[in-house]
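First the structure, in the form of structure tokens, and then the observations on it.
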Amino acid sequence: MILKACTVLGVSPEAGPVEWKRAYRRLAMRWHPDRNDHPEATERFKEISAAYECLIAVDAPEDEKTEAAPDAAPEEAQARAADIRLNLAISLEEAAAGCRQTITYTRGKACPTCAGSGEAGMSRTRFCEACHGSGRTHDAQRKLVSCTACGGRGFFTERICPDCHGSGRETADVNIEIVVPPGMLSGDELRLAGQGEPGDEQLAAGDLYLTVVLTSHRLYRLDGRDIHYRMPVGALVLLAGGDIELPTPAGTLVHTLDAGSTDAREIRIPGKGYPGRGNKQAGDLVVTLDAIFPAKLSPRQRKLLIQAHQDMLDSIDDSLPPVADWQDSHGLR
Ligand SMILES: [Zn+2]
Ligand SMILES: [Zn+2]
């Protein structure tokens, strides 16, 4: 784990915290998603931050272990309020084409009345229910012991802030409109700088991270950026060849089938699946066609098919070779 973190940062385990930090800052500057358009930048930046956190967590004495690496951009010397992470559920079509979304979420800052403590104003006394106010309870051996719930005092003093009802936070629902660029997949992340928990004199605002979640689709199944589905088509168009209409996220695509057999067949149309993004190419459209034989024939359809059959009998060697062979081998022709 430490060795892996060192490899990510390109430092030796012996280098020590100063060198680690220098390496981390240098790499984080280069890979911060705000500064680097590379599609892997977010992933790479996370990896670098995680590696650094791992190293300093191992190095730090026990009581400092909670101090994680700053996940702010390293050029920001100012401390930041917390980031907010939310899922953004959108349909496959919306994600493929890109879309605008209005999202509503709650963010807050320390309550100004109680400065975030949740306690303010007049104190209020509440009797301890565990010991009924006596400060003592019976233990398992039925010995009288000091009540652990109230520390033996028999009551609690509460000073609940009237403005935040003790939560210490003043929250507000916010609506923001966001633009989702085309071609994002489930798990891809959008970062909205400064839309996390609000800042104050000491803290810059945190960031809002939205993780894209594609809602399941009735037809399309994604495999990477390839889109797969099965589609029933009339057996005669599979046999004779001709145009069929294929749904795609970008609209209907007309595809010309070669004449062939009525066996189920898979067609793959390069680049017509899920759109690309960054250096990721668009996926393919992969459709499995199932032949459907006519359920019921109208008199006209029946007549046309019999005509086609008759025509095939006239060129039986080409059209129906096994039938011709059978007739030959039994002296019927
Ligand atoms: Zn008590
Ligand atoms: Zn308050």
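Note that ligands are numbered from 1 as they come in the structure, with each ligand's atoms numbered from 1 the same way.
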Can you tell me if an N/O/S atom from H165 lies under 2.8 Å from the Zn ion (ligand 2)?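 No, H165 does not qualify, because none of its backbone or side-chain N, O or S atoms lies under 2.8 Å.
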
Could you check R225, H228, R268 and say which one makes a side-chain hydrogen bond (donor to acceptor under 3.5 Å, both in side chains) with D284?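 So the option named by the test is R268.
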
Once rounded to 10°, what is the value of the angle centred on the Zn ion (ligand 1) between C150 SG and C128 SG?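 SG of C150, the Zn ion (ligand 1) and SG of C128 span an angle of about 110°.
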
Test of geometry: compute the angle SG(C147)-the Zn ion (ligand 1)-SG(C131) and round it to 10°.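 So the angle at the metal works out to 120°.
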
Decide, yes or no, whether a salt bridge links [X] with [Y] under the criterion of side-chain N to carboxylate O below 4.0 Å.
X	Y	value
R107	E170	no
K46	E53	no
D207	R80	yes

Compute the ring centroids of F127 and F155, then answer whether they are less than 6.0 Å apart.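 Not under 6.0 Å, so no.
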
Roughly, to 10 degrees, what angle do C164 atom SG and C114 atom SG form around the Zn ion (ligand 2)?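 About 110° at the Zn ion (ligand 2).
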
Give a rough value, rounded to 10 degrees, for the angle at the Zn ion (ligand 2) between atoms SG of C161 and SG of C111.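 The angle at the Zn ion (ligand 2) comes to 110°, rounded to the nearest 10°.
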
